[in-house]
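Please read these numbers as outputs of a predicted model, since none were measured by experiment.
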Amino acid sequence: MSMVSEDLVICPARITLDAAQLAFFGGLPVAAPSVQSELGCELEQGHGGSHAALGQQVDTTMWWVQWTLSASEINPYTWCPARGELATQSEADEDCALFVGHPGRHSSVKRAWRNEAA
């Protein structure tokens, strides 16, 4: 696997969570260290579909906020299958930090994009 050498170009879209969304996160069984009221899209710039940002993780479920210009929702997902087991992670940390079925290329925890075929 090789990392894409181009600079990271992350989607610039942002969302401010409303009171109901913040209450939803506050009501989950595992309290987040700090629920952010403003989130940035974590997908690659130019991605298809809605924007997405991780709101909170509870066990193996990740709660992602997804939004468009006219609506937003919170959806449960699991990790992208390109995410490896912790025991096999290399120093390069190329495991995808997004959700299963995300649009575009994979993104590592270190925020470097890599090709789907990699």
Side-chain angles (χ1 to χ4, degrees):
M1 281 188 244
S2 65
M3 297 300 287
V4 174
S5 61
E6 63 194 54
D7 291 336
L8 166 67
V9 182
I10 195 165
C11 179
R14 301 195 69 73
I15 186 171
T16 299
L17 301 180
D18 62 28
Q21 291 166 322
L22 290 170
F24 172 82
F25 286 123
L28 290 174
V30 176
S34 101
V35 175
Q36 301 288 323
S37 61
E38 185 176 307
L39 301 172
C41 183
E42 298 183 42
L43 302 174
E44 176 181 26
Q45 186 170 355
H47 64 82
S50 61
H51 301 289
L54 178 61
Q56 187 172 351
Q57 180 179 352
V58 178
D59 298 322
T60 59
T61 302
M62 298 184 311
W63 293 95
W64 283 78
V65 179
Q66 293 180 288
W67 71 96
T68 63
L69 290 176
S70 60
S72 65
E73 60 188 14
I74 300 171
N75 294 305
Y77 286 100
T78 55
W79 291 111
C80 175
R83 181 176 183 83
E85 296 298 320
L86 291 175
T88 63
Q89 286 184 3
S90 68
E91 196 171 295
D93 199 13
E94 295 178 351
D95 296 324
C96 186
L98 300 174
F99 55 93
V100 67
H102 64 84
R105 295 181 287 173
H106 298 292
S107 172
S108 80
V109 173
K110 293 187 177 181
R111 312 297 297 163
W113 299 97
R114 62 187 174 96
N115 292 320
E116 291 282 348

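The nearest pair of heavy atoms linking Q21 to L17 is OE1-CA, 3.3 Å. Residues H102 and R105 come closest through the heavy atom pair CE1-O, 3.3 Å. For G48 against P103, the heavy-atom pair with the smallest separation is O-CG, 3.5 Å. Counting all heavy atoms, side chain and backbone alike, H106 lies closest to C96 at ND1-SG, 3.4 Å.
Taking the side chain to side chain donor-acceptor pair (under 3.5 Å) definition, one finds that T16 meets it with nothing, sequence neighbours left out. By the side-chain contact (heavy atoms from CB on, under 4.5 Å) test, T68 pairs with S50, S70, A71, sequence neighbours left out.
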Hey, can you pull the donor-acceptor pairs under 3.5 Å for the side chains in residues 58-67, sequence neighbours left out?
{"unit_1": "Q66", "atom_1": "OE1", "unit_2": "N75", "atom_2": "ND2", "d": "2.6"}
{"unit_1": "Q66", "atom_1": "OE1", "unit_2": "Y77", "atom_2": "OH", "d": "3.1"}
{"unit_1": "Q66", "atom_1": "NE2", "unit_2": "Y77", "atom_2": "OH", "d": "3.4"}

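Side-chain N or O atoms of Q45 include none that pairs as donor or acceptor with a backbone N or O of V9 at under 3.5 Å.
Separating the CD atom in Q56 from the CD atom in Q36 is a distance of 11.5 Å, to the nearest 0.5 Å. For the atom pair CG of L43 and CG of L98, the computed distance is 6.0 Å after rounding to the nearest 0.5 Å.
Within the 4.5 Å cutoff, no side-chain heavy atoms of E42 are placed close to those of F99. The side-chain heavy atoms of C41 and I10, taken from C-beta on, include no pair separated by under 4.5 Å.
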Would I74 and F25 count as a side chain to side chain contact (heavy atoms under 4.5 Å, CB included) here? Give the steps. CA-CA 9 Å; I74 300 171; F25 286 123; 3.8 Å; yes

